[in-house]
Student: 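Structure incoming, see below.
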Amino acid sequence: MQRANDIKTPINVGKEITIRGWVHRLRKQKEKTFLLIRDDRGGVIQCVFPTQQVVHLTIESSIEVTGILTADDRAPEGGYEIRGNSLKVINIADADFPIGEYQSAELLLDNRHLALRTRRMIEIAKIRSTILKFARLFFIENDWMEVTPPIIVKGAVEGGSTLFKLRYFNEEAYLSQSAQLYLEALIFSLGPVWSLTPSFRAEKSRTVRHLAEFSHLEAEAPLASLEDVLRVEERLVSYIVHNTVRERSDSLIFLKRDVTSLKDIEVPFDRISYYEAIDTLQSRDFKVVDANGDKRPIRIGDDLNIDSERELTKSALTPLFVTGYPIQIKPFYVKEDVQNKGIGLSADLLAPGGFGEIASGGMREDDILSIKKRMKIEGLDPSSYGWYIDLRRFGSVPHGGFGLGIERLVRWLVDIEDIKDTVLFPRTMSRIIP
Ligand code: ATP
Ligand code: MG
């Protein structure tokens with residue numbers, strides 16, 4: 001079967017072409033009708049028929065056309081068109097296809113199963129798939145083992161407020177928020193491991209960077225230092241960025257993404273400490289909204305969030321690690337820096353251009369007493385983490401890893417404000433259909 005993007009070359013001009021696809025656009029004139037056909041790879045080509053031959057066609061009808069390829073500067077999408085001779089109809093679509101040229105974001109989301117046929121969504125889907133391909137290739141090339149941890153779990157990783165509960169036979173269980181604890185169990189026998197799983201978080205605040213279900217790429221390695229973890233993280237991100245920009249340049253151009261700054265990304269990434277970050281924000285008079293809804297200046301001890309990270313990265317050109325957060329604003333498993341009490345051995349990776357956090361990584365607490373103590377401080381019951389604590393009883397080693405949100409990466413690489421457009425079927429507090 002021939003495809004639109006393969007046939008548009010001078011050597012095919014004058015040849016007979018057969019193409020199958022869907023009527024993407026339809027412009028009927030008195031004598032001639034111009035069809036834009038979309039093939040099964042998302043490529044499009046114009047096709048011209050005498051109007052009386054195609055009067056019954058509707059948008060999204062599936063058809064097979066045969067005709068002669070001609071070069072015509074007026075033809076959209078590359079200056080080639082097919083002068084149609086014969087037409088076979090596979091299916092005539094109902095005439096009320098709801099997606100047109102100008103639509104509200106809500107209507108597009110309500111009809112996401114059909115909006116996935118728009119050029120924009122097709123190009124985003126291609127980029128997303130390429131990002132996943134190069135993520136996997138990076139780990140294959142570097143000899144990390146891919147593993148498949150469970151999604152139905154018993155323990156929380158990132159805090160109870162965002163847990164999705166489910167009934168598991170006769171007991172309560174949760175949808176996984178992160179595979180990290182399971183990856184930690186695997187490093188003792190499998191060495192460096194990674195996984196790509198859905199993670200679930202009942203995020204109640206509506207933001208442009210949170211979904212209730214997201215694709216989580218996580219990696220964990222034994223006998224590693226913080227430096228090792230951050231090096232892998234930055235090499236992975238830079239590898240994905242460069243290969244995706246190269247392989248998907250057409251898609252990025254279609255989406256009007258200026259890739260100059262992406263091409264310039266180099267390792268090592270810049271680093272600042274949490275304290276420097278707060279300092280910078282204070283010097284710019286940055287305010288946070290406190291629990292009562294009042295605005296006050298940001299201060300040491302405040303976590304960074306979507307707004308402060310936007311401020312920190314809005315004029316940055318390359319990704320930035322923020323290191324050395326106070327341990328009390330980090331989850332229980334983050335290891336404390338023994339040289340620097342009160343500071344966690346972890347770092348968040350912020351994307352430039354205001355996009356903010358795309359990954360979090362660091363060293364895990366490997367001492368049994370310290371981890372139990374941290375659990376209690378956070379109101380967790382160590383007895384419900386029995387197997388996890390065992391990992392500190394039997395051959396504990398310094399280890400660390402990171403978690404990266406695929407949608408956050410797509411959001412930055414494509415330059416999309418709303419994270420819902422980085423995923424095919426978004427799940428948020430207000431959306432579970434389609
Ligand atoms: P944030 O501070 O943005 O809420 P987080 O620190 O809670 O994120 P982590 O627990 O560090 O998130 O998860 C690792 C990565 O997973 C994040 O860096 C981010 O890329 C991604 N991620 C986390 N929560 C979400 C979400 N609700 N939707 C999409 N991606 C997410
Ligand atoms: Mg984080």
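Read the numbers this way: they start at 1 and go in the same order the structure lists the ligands and their atoms.
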Student: Return yes or no for this condition: an N or O of Leu211 is under 3.5 Å from an N or O of ligand 1.
Tutor: yes

Student: Relative to the heavy atoms of Ser360, which atoms of ligand 1 are at a distance of less than 4.0 Å?
Tutor: 11 (O), 18 (O)

Student: Considering only heavy atoms, which of Glu357, Glu218, Glu407, Glu309 lies nearest to atom 17 (C) of ligand 1?
Tutor: Glu357

Student: Could you tell me which atoms of ligand 1, counted from 1 in the order shown, lie closer than 4.0 angstrom to a heavy atom of Glu203?
Tutor: 24 (N), 26 (C), 27 (N)

Student: Does a sphere of radius 6.0 Å around NZ in Lys28 hold more than 12 heavy atoms from other residues, nucleotides or ligands, not counting ones at 6.0 Å or beyond?
Tutor: yes

Student: Check for me whether Lys330 meets the cation-pi criterion with Tyr325, that is, NZ or CZ under 6.0 Å from the six-membered ring centre and within 45 degrees of the ring axis.
Tutor: yes

Student: Between Glu213 and Ser199, is there a side-chain donor-acceptor contact under 3.5 Å, judged purely by atom types and distance?
Tutor: no

Student: Looking only at distances, please establish whether an N/O atom of ligand 1 is found under 3.5 Å from an N/O atom of Ile358.
Tutor: yes

Student: Are any of the N/O atoms in His210 less than 3.5 Å from those in ligand 1?
Tutor: yes

Student: What protein heavy atom sits nearest atom 15 (C) of ligand 1, and how far off is it?
Tutor: Gly403 O, 3.7 Å

Student: Should the pair Tyr385 and Tyr388 be assigned to parallel (<30°), tilted (30 to 60°) or perpendicular (>60°) ring geometry?
Tutor: perpendicular

Student: Check this for me: does any side-chain nitrogen of one of Asp418 and Lys420 sit under 4.0 Å from a carboxylate oxygen of the other?
Tutor: yes

Student: Identify the protein heavy atom lying closest to atom 19 (C) of ligand 1, giving its residue, its atom name and the separation to 0.1 Å.
Tutor: Arg408 NH1, 3.5 Å

Student: Among the heavy atoms of His216, does any lie under 4.0 Å from an atom of ligand 1?
Tutor: yes

Student: Considering only the protein, which heavy-atom contact is closest to atom 7 (O) of ligand 1, and what is its distance?
Tutor: Arg201 NH1, 3.4 Å

Student: Between Tyr239 and Phe134, how do the two ring planes meet: parallel, tilted or perpendicular, split at 30° and 60°?
Tutor: perpendicular

Student: Does a salt bridge link Glu336 with Arg374, judged by any charged N lying under 4.0 Å from a carboxylate O?
Tutor: no

Student: Do Ser396 side-chain atoms and Arg393 backbone N/O form a donor-acceptor pair below 3.5 Å?
Tutor: no

Student: Judging by distance only, is a nitrogen or oxygen of Phe214 under 3.5 angstrom from one on ligand 1?
Tutor: no

Student: Parallel, tilted or perpendicular for Tyr182 and Trp387, by the 30°/60° rule?
Tutor: tilted

Student: Under 2.8 Å from the Mg ion (ligand 2) - does any N, O or S atom of Glu357 fall there?
Tutor: yes

Student: Counting heavy atoms only, which part of Ala359 comes closer than 4.0 Å to ligand 1: side chain, backbone, both or neither?
Tutor: backbone

